[in-house]
Amino acid sequence: MRRKLVAGNWKMHGLQADLAQLTALNATHPAPAIDILICPPATLITAACATCEGSAMQIGGQDCHARASGAFTGDLSALMLKDAGASAVIVGHSERREAHEESSEIVRAKAKAAHAAGLTAIICLGESLAQREAANTLDIIAGQLSLSVPDSAAAANTVIAYEPCWAIGSGLTPSPEQIGEVHDFIRARLTTRFGAAQADGMRLLYGGSVKPGNAAEIFAIPDVDGALVGGASLKADDFSPIINALESAA
Ligand code: PGA
């Protein structure tokens, strides 16, 4: 019922030459049975859209400002990302929550701006290692979820990415049981807030050290609708087997 989605987050990696990775992915996956989204640095969005013209691959941003325009030097609005060709934007990634001190209230404002601009908001949540070790994971997720997801969220415009901070870029992943527990919890909370019709349609991604070697196991977990992939999305040779694993699970 929910179409699977694999999203690649290139972070601060990627020059024009790296668009060749998209060309390679499009050649290998001309008619995917899942949604594929790549979020390159904003400098490459327009060129990436041109590279993917006529293909099924979508292009997204990695962050946006909460306002549509204004005196915010260096920032980009959701409207600008949309105008450049993006169809989605990641908001609340833990690297932004940590390095840019973004609160869940800020994340909610950004997600709302994404919706207003006609973009899908990929809203990231996740606990730190200390929070998990203190058995606070579900409390942290509950708080982030209620504060970061705006009332404008619906199945058609919102994806939730569960990304434990300690799993990002570390090579560590939670057990399937741990991922399943958090995804079930998120789904239940979304159902309470938005009703089953909307909550059942919202895709829940897992993110954090997803690789070709562990993708199939992660995609077999009930309520995992795909993945948000960092390092392994940079090269078509790494991302392609992850796409295949998700197609097999679809
Ligand atoms: P990773 O990053 O796959 O490199 O762990 C995931 C993310 O930050 O979204």
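Just so you know, ligand 1 is whichever comes first in the structure, and atom 1 is the first atom listed for that ligand. Positions are given from 1, in the same order as the sequence printed here. Since this is a predicted model, take the numbers as computed values, not measurements. Basis for what follows: all heavy atoms, side chains included, without hydrogens, waters or symmetry-related copies.
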Non-neighbouring partners of His183 that pass side-chain contact (heavy atoms from CB on, under 4.5 Å), sequence neighbours left out: Tyr162, Ile179, Leu204, Tyr206, Asp223, Val224

Non-hydrogen side-chain atoms of Arg132 and Pro164 separated by less than 4.5 Å: no

Within reach of ligand 1, part of Asn9 (heavy-atom separation under 4.0 Å): side chain

Whether Gly207 lies under 4.0 Å from ligand 1, heavy atom: no

Any N or O of Ala232 closer than 3.5 Å to N or O of ligand 1: no

Numbering as shown, the atoms of ligand 1 that approach Leu228 to under 4.0 Å (heavy-atom distance): 9 (O)

Closest to atom 7 (C) of ligand 1 (judged by heavy-atom distance), picking from Glu163, Gln62, Lys211: Glu163

Glu95 N/O under 3.5 Å from ligand 1 N/O: no

Atoms of ligand 1 close to Gly208 [distance to a heavy atom under 4.0 angstrom, numbered from 1]: 5 (O)

side-chain contact (heavy atoms from CB on, under 4.5 Å) assessment of Leu25 paired with Ser240: CA-CA 7 Å; Leu25 285 173; Ser240 189; 4.3 Å; yes

Working for salt bridge (charged side-chain N to carboxylate O under 4.0 Å, His left out), residues Asp151 and Lys112: CA-CA 8 Å; Asp151 290 339; Lys112 201 173 158 193; over 6 Å; no

Atoms in ligand 1 with a heavy atom of Lys11 nearer than 4.0 Å: 2 (O), 7 (C), 8 (O)

CD1 on Ile38 to SG on Cys49, rounded to 0.5 Å: 11.5 Å

Donor-acceptor under 3.5 Å (Gln198 side chain, Ala155 main chain): yes

Gly169-ligand 1 polar pair, N/O distance under 3.5 Å: yes

Nearest option to atom 6 (C) of ligand 1, as decided by whichever heavy atom of Gly126, Gly231, Gly230, Pro164 sits closest: Gly230

Pairs under 3.5 angstrom only: tabulate donor-acceptor contacts from the side chains of residues 210-219 to other protein residues two or more places apart or in another chain.
unit_1: Asn214; atom_1: OD1; unit_2: Lys211; atom_2: N; d: 2.7
unit_1: Asn214; atom_1: ND2; unit_2: Ser209; atom_2: O; d: 2.8

Heteroatom distance test (Ser170, ligand 1): nitrogen or oxygen, under 3.5 angstrom: no

Polar proximity ligand 1 side, Val229 side, N/O cut 3.5 Å exclusive: no

